[in-house]
Amino acid sequence: MTENFVTKPKIIAIVGPTASGKTAYAVELAKKLNGEIISADSRLVYRGFDIGTAKPDVEERQGIKHHLIDVVEPEEDYSAGLYEKHAKKAIEDILNRGKVPIVAGGTGLYFRVLLENWDLPEFDPDVELRAELQKLSNLQLLDRLRELDEAAALEAQLADKKKIIRAIEIIKNTGLPLNEARRLKAPEYDVEWIGLNLPREDLYEKINKRVDIMVENGLIEETQKLLNKHGRIKNIIETIGYKEITAYLDGTLTLEEALEKLKQNTRNYAKRQLTWFNKNEEINWLVAK
RNA sequence: GCCGCAAUAGCUCAGUUGGUAGAGCAAGGGACUGAAAAUCCCUGUGUCCUUGGUUCAAUUCCGAGUUGCGGCA
C-alpha cells in the first residue's frame with residue numbers, strides 16, 4: 001500500500017448567494033451527518049461584524065461547531081491565503097475527530113482556493129509596496145506594469161487600480177509574470193457541491209426584507225459601536241451594510257436612502273456571487289425553501 | 001371654467017433647425033489566483049401620451065383630446 005491509493009477526504013460544500021438559506025441548510029445537514037461547519041465568508045471572520053453580516057448566533061448554530069468565524073479583529077487584514085491555511089487545518093481537525101467537514105459560505109474566491117484548483121502565489125501580501133503604489137496614478141501604474149510584465153499590462157483595465165497593483169506586486173515578489181504566477185493545482189478533497197438559490201425576484205425580495213430585519217435588530221447601533229471602537233477603517237466602510245449606515249450617520253444620506261442603497265448593493269453583490277458559482281459545473285443546485 | 005407649462009427607456013431627464021432617438025441611475029451578462037461583501041469590463045427598439053392636419057416624410061410644426069403640475073377665477 002502506498003499513499004497513491006489513499007482516497008481523498010470527503011467534504012461537503014454549500015454555496016449560494018447571500019440570503020439563499022445556506023446557514024440553516026448547513027446546520028441541518030451537520031446535525032444529520034455528524035458534521036461541523038467551516039464558514040467560507042470573508043466578513044464573518046471579523047469579530048463584532050454580527051448583525052450586518054447575518055452571522056449565525058448561538059441559537060442558529062444549534063450546538064453545531066462553526067469554524068472560521070470571529071477569528072480576527074476588524075483592523076487585521078484577512079486574506080484568501082490565510083483562509084486557505086486556517087480552513088485546511090480546521091478540516092484536518094474535523095476529520096481526525098471522525099466528523100464530516102461542511103464548508104458553507106458565499107465568498108467565491110475562498111472556494112476556488114480551498115476546494116477547487118487555484119494555486120495562489122506563495123508570498124505574504126506586500127503591504128508596503130501596495131501603499132507606495134497606491135499613490136501613483138493609474139496611468140503611471142500601467143506604465144510601470146508594462147515594463148515588468150507586458151502581457152499583463154495589455155490585459156489590464158486602466159481603471160482597475162487594484163488589479164494593476166496586484167500584478168506589479170506579484171512580479172516583484174515572485175519574478176513571475178501574471179500568466180505564469182496563476183497556477184492550477186490538483187484538488188485535495190473529494191467535494192460534494194450543493195448550491196442554494198432562488199428565482200431572482202424571490203431572492204431580491206428576501207434580501208430587501210432581511211435588511212429591514214437587520215435594522216430592527218440593531219444594525220445602526222452596531223455600526224455606531226464599530227465606528228466608536230475602531231474608527232473608519234477599511235474593513236468597516238468597505239462592508240455592505242456598515243458602508244451605507246455610516247453614510248447615514250454622517251448625514252450624507254437619509255435613513256431611507258441609506259437602506260435603499262444597502263438593499264441595492266446587496267442585490268448587486270448576490271449577482272456577483274452567482275457569477276462565481278455558475279462557473280462551477282459540479283454544483284448540484286437545489287431550490288431553497 | 002379660463003390661461004400657461006409638461007407628457008421620450010423601469011426612474012430622472014436630454015435631443016431631433018421635420019429623415020423614427022441618447023445620457024445618468026436601475027436592470028441583465030461577464031471577469032477575478034493572498035484586499036474579494038473588494039475591484040473592474042460589456043449590454044440601450046422605446047406605440048418619443050392619443051388623434052386629426054400640413055408634408056415625399058411628423059416623436060419634432062399646427063389643431064383637438066387625455067392626464068399631470070402651476071396660476072387666475
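Throughout, protein chains are lettered first and strands after them, A, B, ... in sequence-line order, and every chain is numbered starting at 1.
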**Q** Would you mind classifying the nucleic acid contact of Asp41(A) as base, sugar-phosphate or nothing, using non-hydrogen atoms under 4.0 angstrom?
**A** base
**Q** Can you tell me, in whole Å, how much space there is between the C1' of rC62(B) and that of rU54(B)?
**A** 8 Å
**Q** Using atom names, set out every protein N or O paired with an N or O of nucleotides 11-13 of chain B below 3.5 Å, distance rounded to 0.1 Å.
**A**
none

**Q** Under 4.0 Å: is that the gap between some side-chain N or O of Asn268(A) and OP1 or OP2 of rA27(B)?
**A** yes
**Q** Output the distance between atom CD1 (Ile213(A)) and atom NZ (Lys206(A)), rounded to the nearest 0.5 Å.
**A** 10.0 Å
**Q** Could you note down all residue pairs passing salt bridge (charged side-chain N to carboxylate O under 4.0 Å, His left out) where residues 267-285 of chain A supplies at least one of them, sequence neighbours left out?
**A** Glu260(A)-Arg267(A)
**Q** Among Ile69(A), Ile240(A), Asn235(A), Thr107(A), find the residue that satisfies the side chain to side chain contact (heavy atoms under 4.5 Å, CB included) test when tested with Arg43(A).
**A** Asn235(A)
**Q** His67(A) and side chain to side chain contact (heavy atoms under 4.5 Å, CB included): which single residue from Ile94(A), Asp93(A), Ile37(A) fits?
**A** Ile94(A)
**Q** In whole Å, what is the span from the CD atom of Gln264(A) to the C1' atom of rG10(B)?
**A** 13 Å
**Q** Would you mind reading off the distance between Trp276(A) atom CH2 and rG30(B) atom P, rounded to a whole angstrom?
**A** 13 Å
**Q** Classify the nucleic acid contact of Thr18(A) as base, sugar-phosphate or nothing, counting any heavy atom under 4.0 Å across all strands shown.
**A** nothing
**Q** Could you state the CD-P distance from Glu169(A) to rA35(B), rounded to the nearest angstrom?
**A** 7 Å
**Q** Go through the steps to decide whether Ile245(A) and Leu259(A) satisfy the test side chain to side chain contact (heavy atoms under 4.5 Å, CB included), and finish with yes or no.
**A** CA-CA 8 Å; Ile245(A) 299 299; Leu259(A) 296 185; 4.1 Å; yes
**Q** Could you give the distance separating rU66(B) and rG52(B) at their C1' atoms, to the nearest angstrom?
**A** 15 Å
**Q** Side-chain atoms of residues 24-34 of chain A: list all donor-acceptor pairs with protein atoms under 3.5 Å, sequence neighbours left out, distances to 0.1 Å.
**A**
| from | atom 1 | to | atom 2 | distance (Å) |
| --- | --- | --- | --- | --- |
| Lys31(A) | NZ | Gln62(A) | OE1 | 2.4 |

**Q** Which nucleotide, rG29(B), rA27(B), rA35(B), lies nearest any side-chain atom of Arg200(A)?
**A** rG29(B)
**Q** Describe the nucleic acid contact of Leu184(A) in one word from base, sugar-phosphate, nothing, applying a heavy-atom distance below 4.0 Å.
**A** base
**Q** Tabulated below should be each protein N or O lying under 3.5 Å from an N or O of nucleotides 39-42 of chain B; please produce it.
**A**
| from | atom 1 | to | atom 2 | distance (Å) |
| --- | --- | --- | --- | --- |
| rU39(B) | O2' | Asp160(A) | OD1 | 2.1 |
| rU39(B) | O2 | Lys163(A) | NZ | 3.2 |
| rC40(B) | O4' | Asp160(A) | OD2 | 3.2 |

**Q** Mind checking if Arg267(A) touches a base, just sugar-phosphate, or nothing, with heavy atoms under 4.0 Å?
**A** sugar-phosphate
**Q** Which string of ( ) [ ] | and . matches RNA chain B, if you list each base 5' to 3' and count Watson-Crick or G-U pairs only when both distances are under 3.5 Å?
**A** (((((((..((((.....[..)))).(((((.......))))).....(((((..]....)))))))))))).
**Q** Taking the same atom, P, in rA21(B) and in rA6(B), what whole-Å distance lies between them?
**A** 23 Å
**Q** Taking only Lys NZ, Arg NE, NH1 and NH2, and the carboxylate oxygens of Asp or Glu, determine whether Lys89(A) and Glu92(A) approach each other closer than 4.0 Å.
**A** no
**Q** Assess whether a salt bridge exists between Lys209(A) and Glu205(A), defined as any Lys/Arg side-chain N lying under 4.0 Å from an Asp/Glu carboxylate O.
**A** yes
**Q** Starting from Tyr110(A), can I reach Leu68(A) by hopping between I/L/V/M/F/W/Y residues whose side chains sit under 4.5 Å apart?
**A** yes
**Q** Using every non-hydrogen atom in the two residues, find where Lys10(A) and Pro101(A) come nearest and quote the distance to one decimal.
**A** O-CD, 3.7 Å
**Q** Using a cut-off of strictly less than 4.0 Å between a heavy atom of the residue and any atom of RNA chain B, enumerate the qualifying residues of residues 117-133 of chain A by number.
**A** Trp118(A), Asp119(A), Leu120(A), Pro121(A), Phe123(A), Asp124(A), Pro125(A), Arg130(A)
**Q** Between Lys185(A) and Glu122(A), does any NZ, NE, NH1 or NH2 come within less than 4.0 Å of an OD or OE carboxylate oxygen?
**A** no
**Q** Ignoring hydrogens and angles, answer whether the base of rG30(B) and the side-chain atoms of Lys279(A) contain a donor-acceptor pair closer than 3.5 Å.
**A** no
**Q** Below 4.0 angstrom from OP1 or OP2 of rA36(B), is there any side-chain N or O of Tyr110(A)?
**A** yes
**Q** Can you check whether Arg166(A) has a side-chain N or O nearer than 4.0 Å to OP1 or OP2 of rA36(B)?
**A** no
**Q** So, are Lys99(A) and Glu36(A) salt-bridged, with charged N and O less than 4.0 Å apart?
**A** yes
**Q** Using 30° and 60° as the class boundaries, would you call the ring planes of Tyr83(A) and Tyr78(A) parallel, tilted or perpendicular?
**A** perpendicular
**Q** Report which part of the nucleic acid Gly52(A) touches: base, sugar-phosphate, or nothing (heavy-atom distance under 4.0 Å, all strands).
**A** base
**Q** Is Leu226(A) reachable from Ile220(A) through a run of hydrophobic residues whose side-chain heavy atoms are each under 4.5 Å from the next?
**A** yes
**Q** If we take the P atom in both rA27(B) and rG10(B), what is their distance in whole Å?
**A** 15 Å
**Q** Which nucleotide sits closest to the side chain of Tyr204(A): rG28(B), rA35(B), rA36(B)?
**A** rG28(B)
**Q** Do the non-hydrogen side-chain atoms of Leu139(A) and Leu158(A) ever get within less than 4.5 Å of each other?
**A** yes
**Q** Describe the nucleic acid contact of Gln273(A) in one word from base, sugar-phosphate, nothing, applying a heavy-atom distance below 4.0 Å.
**A** nothing
**Q** Specify the residue among Asn265(A) and Lys271(A) whose closest nucleotide of RNA chain B lies further upstream toward the 5′ end.
**A** Lys271(A)
